[in-house]
K.L.:
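Got a structure for you, written out below as C-alpha coordinates; questions coming shortly.
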Amino acid sequence: MFFKKYGDIIVGIVYAAIGGAVIYFAKQLPRSRVMKIGPDFMPMLIGIAILILAVMLLLSALKNFRLNAKKAEYSNPDTADYKRVLASLILVVIYVNILAPVGFIVSTLGYLFLQIIVLAPNDRRGLKNILSYAILDVIFVLIVFYLFRYGFKIVLPAGIFTL
(Lines give C-alpha, C1' and ligand atoms only; values in the text may rest on other atoms or scores of the structure.)
Protein backbone atom coordinates (compact mmCIF):
# COMPACT_ATOMS: atom_id res chain seq x y z
CA MET A 1 0.00 0.00 0.00
CA PHE A 2 2.77 2.44 0.96
CA PHE A 3 4.72 1.84 -2.24
CA LYS A 4 1.61 2.09 -4.41
CA LYS A 5 0.87 5.45 -2.84
CA TYR A 6 4.38 6.93 -2.77
CA GLY A 7 6.18 4.67 -5.27
CA ASP A 8 6.68 7.13 -8.12
CA ILE A 9 7.85 9.84 -5.73
CA ILE A 10 10.39 7.50 -4.12
CA VAL A 11 11.60 6.18 -7.46
CA GLY A 12 11.87 9.72 -8.86
CA ILE A 13 14.00 10.86 -5.91
CA VAL A 14 16.23 7.77 -6.05
CA TYR A 15 16.82 8.06 -9.78
CA ALA A 16 17.42 11.80 -9.55
CA ALA A 17 20.15 11.03 -7.01
CA ILE A 18 21.56 8.29 -9.28
CA GLY A 19 21.54 10.67 -12.27
CA GLY A 20 23.30 13.34 -10.22
CA ALA A 21 25.89 10.82 -9.03
CA VAL A 22 26.53 9.61 -12.59
CA ILE A 23 27.06 13.20 -13.75
CA TYR A 24 29.36 13.93 -10.80
CA PHE A 25 31.50 10.84 -11.36
CA ALA A 26 31.56 11.36 -15.14
CA LYS A 27 33.13 14.77 -14.51
CA GLN A 28 35.86 13.02 -12.53
CA LEU A 29 36.98 11.02 -15.59
CA PRO A 30 40.04 12.38 -17.42
CA ARG A 31 39.49 14.40 -20.58
CA SER A 32 40.70 12.98 -23.87
CA ARG A 33 43.72 14.69 -25.39
CA VAL A 34 43.17 13.08 -28.77
CA MET A 35 39.46 13.59 -29.45
CA LYS A 36 36.73 16.00 -28.43
CA ILE A 37 34.65 13.08 -27.18
CA GLY A 38 36.36 11.48 -24.21
CA PRO A 39 35.48 8.75 -21.75
CA ASP A 40 33.20 11.16 -19.90
CA PHE A 41 30.85 11.72 -22.86
CA MET A 42 28.53 8.69 -22.61
CA PRO A 43 28.29 8.58 -18.81
CA MET A 44 27.51 12.30 -18.82
CA LEU A 45 24.85 11.84 -21.49
CA ILE A 46 23.32 8.91 -19.60
CA GLY A 47 23.41 10.82 -16.31
CA ILE A 48 21.66 13.82 -17.84
CA ALA A 49 19.02 11.58 -19.42
CA ILE A 50 18.43 9.78 -16.09
CA LEU A 51 18.17 13.08 -14.25
CA ILE A 52 15.73 14.61 -16.75
CA LEU A 53 13.51 11.52 -16.76
CA ALA A 54 13.59 11.30 -12.95
CA VAL A 55 12.57 14.93 -12.59
CA MET A 56 9.76 14.41 -15.10
CA LEU A 57 8.55 11.36 -13.14
CA LEU A 58 8.77 13.24 -9.86
CA LEU A 59 6.84 16.24 -11.19
CA SER A 60 4.18 13.97 -12.69
CA ALA A 61 3.88 12.00 -9.44
CA LEU A 62 3.56 15.14 -7.36
CA LYS A 63 0.98 16.57 -9.76
CA ASN A 64 -1.17 13.43 -9.63
CA PHE A 65 -0.51 12.53 -5.98
CA ARG A 66 -4.06 12.90 -4.71
CA LEU A 67 -5.55 10.93 -7.59
CA ASN A 68 -3.00 8.13 -7.18
CA ALA A 69 -3.44 8.06 -3.41
CA LYS A 70 -7.21 7.48 -3.80
CA LYS A 71 -6.59 4.74 -6.38
CA ALA A 72 -4.08 3.03 -4.09
CA GLU A 73 -6.61 2.90 -1.25
CA TYR A 74 -9.23 1.11 -3.35
CA SER A 75 -6.95 -1.03 -5.52
CA ASN A 76 -6.38 -4.76 -5.39
CA PRO A 77 -3.43 -6.24 -3.53
CA ASP A 78 0.04 -6.16 -5.06
CA THR A 79 0.20 -7.93 -8.42
CA ALA A 80 3.89 -7.39 -9.15
CA ASP A 81 5.62 -10.06 -11.21
CA TYR A 82 8.66 -10.85 -9.10
CA LYS A 83 9.71 -13.73 -11.36
CA ARG A 84 10.33 -11.31 -14.22
CA VAL A 85 12.24 -8.94 -11.96
CA LEU A 86 14.44 -11.76 -10.69
CA ALA A 87 14.98 -13.09 -14.21
CA SER A 88 15.98 -9.60 -15.38
CA LEU A 89 18.47 -9.22 -12.54
CA ILE A 90 19.99 -12.63 -13.31
CA LEU A 91 20.27 -11.73 -17.00
CA VAL A 92 22.01 -8.44 -16.19
CA VAL A 93 24.53 -10.16 -13.90
CA ILE A 94 25.29 -12.79 -16.53
CA TYR A 95 25.58 -10.14 -19.27
CA VAL A 96 28.02 -8.02 -17.29
CA ASN A 97 30.18 -11.05 -16.55
CA ILE A 98 30.32 -12.36 -20.12
CA LEU A 99 30.61 -9.04 -21.97
CA ALA A 100 34.42 -8.82 -21.98
CA PRO A 101 35.30 -12.47 -22.67
CA VAL A 102 32.55 -13.15 -25.23
CA GLY A 103 32.38 -9.70 -26.81
CA PHE A 104 29.79 -6.99 -27.29
CA ILE A 105 27.98 -8.33 -30.33
CA VAL A 106 27.45 -11.94 -29.20
CA SER A 107 26.71 -11.17 -25.54
CA THR A 108 24.38 -8.26 -26.34
CA LEU A 109 22.51 -10.26 -28.98
CA GLY A 110 21.84 -12.99 -26.42
CA TYR A 111 21.10 -10.67 -23.51
CA LEU A 112 18.78 -8.33 -25.37
CA PHE A 113 16.81 -11.16 -26.97
CA LEU A 114 16.31 -12.95 -23.64
CA GLN A 115 15.46 -9.68 -21.87
CA ILE A 116 12.80 -8.89 -24.48
CA ILE A 117 11.32 -12.38 -24.04
CA VAL A 118 11.29 -11.99 -20.24
CA LEU A 119 9.58 -8.61 -20.37
CA ALA A 120 7.14 -9.44 -23.17
CA PRO A 121 3.53 -10.04 -22.11
CA ASN A 122 2.53 -13.70 -22.01
CA ASP A 123 0.22 -13.31 -24.99
CA ARG A 124 3.07 -11.89 -27.10
CA ARG A 125 5.44 -14.86 -26.92
CA GLY A 126 4.34 -16.71 -30.01
CA LEU A 127 6.62 -17.74 -32.87
CA LYS A 128 5.69 -14.67 -34.95
CA ASN A 129 6.52 -12.34 -32.06
CA ILE A 130 9.76 -14.14 -31.22
CA LEU A 131 10.91 -13.77 -34.84
CA SER A 132 10.14 -10.06 -34.79
CA TYR A 133 12.01 -9.74 -31.46
CA ALA A 134 15.03 -11.49 -33.00
CA ILE A 135 15.02 -9.18 -36.02
CA LEU A 136 14.68 -6.12 -33.80
CA ASP A 137 17.51 -7.45 -31.61
CA VAL A 138 19.92 -7.91 -34.51
CA ILE A 139 19.12 -4.51 -36.05
CA PHE A 140 19.49 -2.68 -32.73
CA VAL A 141 22.78 -4.37 -31.77
CA LEU A 142 24.33 -3.70 -35.17
CA ILE A 143 23.25 -0.06 -35.15
CA VAL A 144 24.71 0.46 -31.67
CA PHE A 145 27.92 -1.38 -32.61
CA TYR A 146 28.50 0.64 -35.77
CA LEU A 147 27.51 3.89 -34.07
CA PHE A 148 30.09 3.37 -31.34
CA ARG A 149 32.76 1.85 -33.59
CA TYR A 150 32.61 4.27 -36.50
CA GLY A 151 30.60 7.25 -35.20
CA PHE A 152 32.12 7.71 -31.76
CA LYS A 153 35.37 5.84 -32.58
CA ILE A 154 34.95 3.79 -29.40
CA VAL A 155 36.02 0.18 -29.60
CA LEU A 156 33.64 -2.18 -27.84
CA PRO A 157 34.85 -5.50 -26.40
CA ALA A 158 35.62 -7.87 -29.28
CA GLY A 159 35.73 -11.05 -27.24
CA ILE A 160 35.87 -14.26 -29.24
CA PHE A 161 35.26 -12.46 -32.56
CA THR A 162 37.46 -9.67 -33.83
CA LEU A 163 35.92 -7.39 -36.44
Side-chain angles (χ1 to χ4, degrees), residues 2-65 68 80-121 124 132-163:
F2 175 80
F3 196 72
K4 280 190 176 189
K5 192 172 183 180
Y6 300 104
D8 285 344
I9 294 172
I10 294 168
V11 170
I13 291 169
V14 168
Y15 273 95
I18 289 171
V22 169
I23 292 169
Y24 173 77
F25 287 117
K27 287 183 178 182
Q28 305 300 317
L29 292 171
R31 296 258 180 214
S32 175
R33 294 182 183 144
V34 180
M35 301 182 327
K36 291 180 182 178
I37 297 176
D40 64 330
F41 175 73
M42 281 310 290
M44 184 70 74
L45 197 64
I46 291 169
I48 291 169
I50 290 172
L51 187 60
I52 289 170
L53 292 172
V55 168
M56 287 172 54
L57 175 65
L58 192 56
L59 292 175
S60 172
L62 291 172
K63 178 183 170 190
N64 298 321
F65 179 72
N68 292 337
D81 193 354
Y82 295 108
K83 290 179 187 176
R84 290 181 194 220
V85 173
L86 182 61
S88 293
L89 288 173
I90 291 170
L91 284 173
V92 168
V93 168
I94 292 170
Y95 175 70
V96 167
N97 286 309
I98 67 169
L99 181 62
V102 176
F104 174 79
I105 292 177
V106 175
S107 60
T108 305
L109 280 171
Y111 164 74
L112 189 59
F113 180 71
L114 292 174
Q115 189 66 57
I116 291 171
I117 298 293
V118 166
L119 295 177
R124 303 239 179 180
S132 65
Y133 298 154
I135 292 168
L136 178 70
D137 179 32
V138 170
I139 291 170
F140 179 76
V141 169
L142 290 177
I143 287 172
V144 169
F145 176 77
Y146 283 108
L147 178 67
F148 273 79
R149 183 75 176 251
Y150 300 109
F152 298 140
K153 307 272 191 246
I154 297 173
V155 179
L156 297 169
I160 56 177
F161 298 111
T162 305
L163 296 176

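For the single chain, residues carry numbers from 1 onward in sequence order.
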K.L.:
G12 and A54: which non-hydrogen atoms are nearest, and at how many Å?
P.N.:
O-CB, 3.5 Å
K.L.:
For the residue pair F113 and L136, establish whether any side-chain heavy-atom pair is separated by less than 4.5 Å.
P.N.:
no
K.L.:
What distance separates L58 CG from L53 CG, expressed to the nearest 0.5 Å?
P.N.:
12.5 Å
K.L.:
Stepwise, does the side-chain contact (heavy atoms from CB on, under 4.5 Å) test hold for Y111 with V92?
P.N.:
CA-CA 8 Å; Y111 164 74; V92 168; 3.5 Å; yes
K.L.:
Got R149 and I154 here, is their nearest side-chain heavy-atom distance under 4.5 Å?
P.N.:
no
K.L.:
Using a 4.5 Å cut-off on heavy atoms from C-beta on, say whether the side chain of T108 contacts that of Y95.
P.N.:
yes
K.L.:
Specify the closest pair of heavy atoms between A16 and L51, including all atoms of both residues, with the distance to one decimal.
P.N.:
O-CD1, 3.5 Å
K.L.:
When rounded to the nearest 0.5 angstrom, what is the spacing between CG in L99 and CD1 in I94?
P.N.:
13.5 Å
K.L.:
To the nearest 0.5 Å, how far apart are CD1 in I46 and CD1 in I23?
P.N.:
11.0 Å
K.L.:
Assess whether atom CZ of R84 is packed by more than 12 heavy atoms of other residues, nucleotides or ligands within 6.0 Å.
P.N.:
yes
K.L.:
Just by distance, do the side chain of S60 and the backbone of M56 share a donor-acceptor pair under 3.5 Å?
P.N.:
no
K.L.:
Between CG of L156 and CG of L147, what distance do you get to the nearest 0.5 Å?
P.N.:
9.5 Å
K.L.:
Closest heavy-atom contact between P39 and L29?
P.N.:
O-CD1, 3.4 Å
K.L.:
Is any side-chain heavy atom of V14 less than 4.5 Å from a side-chain heavy atom of I18?
P.N.:
yes
K.L.:
Looking at side-chain heavy atoms only, is the closest gap between L89 and V93 below 4.5 Å?
P.N.:
no
K.L.:
Please give me the minimum heavy-atom distance between V118 and A87, naming the atom from each residue.
P.N.:
CG1-CB, 4.0 Å
K.L.:
I need the minimum non-hydrogen distance between A100 and P157, along with the two atoms involved.
P.N.:
CA-CB, 4.2 Å
K.L.:
Side chains of M42 and F148: does their closest heavy-atom pair fall under 4.5 Å?
P.N.:
yes
K.L.:
Atom CZ of residue position F152 - does it have more than 12 heavy atoms of other residues, nucleotides or ligands inside 6.0 Å?
P.N.:
yes
K.L.:
Go through the structure and list residues passing ring-ring contact (aromatic ring centres under 6.0 Å, His included) with Y15, not counting sequence neighbours.
P.N.:
none
K.L.:
List the atom of S107, the atom of V102, and the distance in Å for their closest heavy-atom pair.
P.N.:
N-CG1, 4.1 Å
K.L.:
Atom CD1 of I117 and atom CG of D137: how far apart are they, to the nearest 0.5 Å?
P.N.:
9.5 Å
K.L.:
Less than 4.5 Å apart, any side-chain heavy atom of V144 and any of F104?
P.N.:
yes
K.L.:
Let me confirm one number: the CG-CD1 distance from L142 to I105, rounded to the nearest 0.5 Å.
P.N.:
6.5 Å
